[in-house]
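Heads up, the thing below is written out as structure tokens.
No experiment lies behind these values; they were computed from the predicted model shown. Just so you know, these numbers use all the heavy atoms, side chains as well, and skip hydrogens, waters and symmetry mates.
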Amino acid sequence: QVQLVESGGGLVQAGGSLRLSCAASGRTFTSYLMGWFRQAPGKERDVVSAINWSSRSTYYADSVKGRFTISRDNAKNTVYLQMNSLKPEDTAVYYCAAKRKGYTINWGEYDYWGQGTQVTVSS
């Protein structure tokens, strides 16, 4: 019902910035909770940030708080993750996800997923 495609990943030096985009299709996208998750090699998938449909409620993992900013443009069916002051430990595959109902930061409760985009931060 919802298709998600991430873009904007790449290689950046520590302290640099990247802006990830998640382009979505689907009639019900506007009302969905949207989240960004990441998975580093050998580690479990974990939440980075989440935002509700109105953009009035946001969540950030402690590890990225103050450095990352999530936003969404419902008219463009797009969710963004602005990543500043990047650290080598931010290196991971970043996934965009959508949840039909409710509010959660648990990846297992999300309904739709993108293919992921690689973010690599060099030291």
Side-chain angles (χ1 to χ4, degrees):
Q1 300 180 48
V2 176
Q3 295 78 46
L4 307 173
V5 180
E6 303 96 334
S7 63
L11 175 65
V12 65
Q13 292 183 340
S17 298
L18 286 173
R19 182 179 174 87
L20 305 184
S21 298
C22 175
S25 62
R27 188 176 63 85
T28 60
F29 168 79
T30 300
S31 62
Y32 280 38
L33 173 71
M34 302 298 298
W36 286 97
F37 296 78
R38 66 186 181 187
Q39 188 166 19
K43 296 185 177 181
E44 185 59 78
R45 189 176 302 179
D46 200 10
V47 66
V48 177
S49 186
I51 186 169
N52 77 333
W53 71 271
S54 67
S55 299
R56 291 196 294 268
S57 182
T58 58
Y59 170 87
Y60 296 95
D62 288 341
S63 59
V64 307
K65 193 172 298 182
R67 300 188 296 122
F68 292 8
T69 303
I70 190 171
S71 62
R72 65 191 295 169
D73 187 336
N74 292 335
K76 297 181 179 179
N77 287 340
T78 303
V79 180
Y80 305 96
L81 186 68
Q82 179 67 47
M83 309 165 67
N84 298 326
S85 301
L86 283 162
K87 305 174 181 179
E89 49 263 45
D90 295 318
T91 296
V93 177
Y94 283 70
Y95 297 92
C96 177
K99 179 175 173 58
R100 293 189 298 265
K101 184 180 180 180
Y103 197 99
T104 182
I105 60 172
N106 298 316
W107 67 266
E109 299 181 44
Y110 280 73
D111 301 298
Y112 306 101
W113 292 86
Q115 297 298 312
T117 184
Q118 177 71 49
V119 172
T120 303
V121 184
S122 64
S123 60

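Looking only at side-chain heavy atoms (C-beta outward), Val64 and Met83 stay at 4.5 Å or farther from each other. Between Arg67 and Tyr60 the shortest side-chain heavy-atom distance does not fall below 4.5 Å. The shortest side-chain heavy-atom distance between Tyr95 and Trp107 does not fall under the 4.5 Å cut-off.
Taking the six-membered ring for Trp and thresholds of 30 and 60 degrees, Tyr94 and Phe68 have ring planes inclined between 30 and 60 degrees apart.
Looking at Lys65 and Asp62, a side-chain N of the basic residue comes within less than 4.0 Å of a carboxylate O on the acidic one, giving a salt bridge.
Residues Tyr110 and Phe37 place their aromatic rings such that the two centres sit under 6.0 Å apart.
Atom CG in Leu18 sits 9.5 Å away from atom CG in Leu81 (nearest 0.5 Å). If you take OG on Ser31 and NZ on Lys99, they are separated by 12.0 Å, rounding to the nearest 0.5 Å.
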Show every donor-acceptor pair shorter than 3.5 Å between a side-chain atom in residues 116-123 and any protein atom, with sequence neighbours excluded, or say none if there are none.
unit_1, atom_1, unit_2, atom_2, d
Thr117, OG1, Gly9, N, 3.2
Gln118, NE2, Ala92, O, 3.4
Gln118, NE2, Thr120, OG1, 3.4

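Scanning all heavy atoms of the two residues, the minimum distance from Ser55 to Ile51 falls at OG-CD1, 3.6 Å. Between Tyr32 and Arg72 the shortest heavy-atom distance is O-NH1, 2.7 Å. In this structure, Trp36 and Leu20 approach most closely via the heavy-atom pair CH2-CB, 3.7 Å. Here the closest non-hydrogen pair linking Ala50 and Leu33 is CB-CD1, 4.4 Å.
Tyr80 and Trp53 end up in different hydrophobic clusters when Ile, Leu, Val, Met, Phe, Trp and Tyr side chains are linked at under 4.5 Å.
None of Leu4, Asn52, Ile70, Val2 except one satisfies the side chain to side chain contact (heavy atoms under 4.5 Å, CB included) rule with Met34; the exception is Leu4.
The disulfide (SG to SG under 2.5 Å) analysis of residues 65-97, with sequence neighbours excluded, yields the pairs Cys22-Cys96.
A distance-only check finds no donor-acceptor pair linking the side chain of Ser85 to the backbone of Gly15 [under 3.5 Å].
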Derivation and outcome, side-chain contact (heavy atoms from CB on, under 4.5 Å), residues Arg38 and Ser63: CA-CA 12 Å; Arg38 66 186 181 187; Ser63 59; 3.4 Å; yes

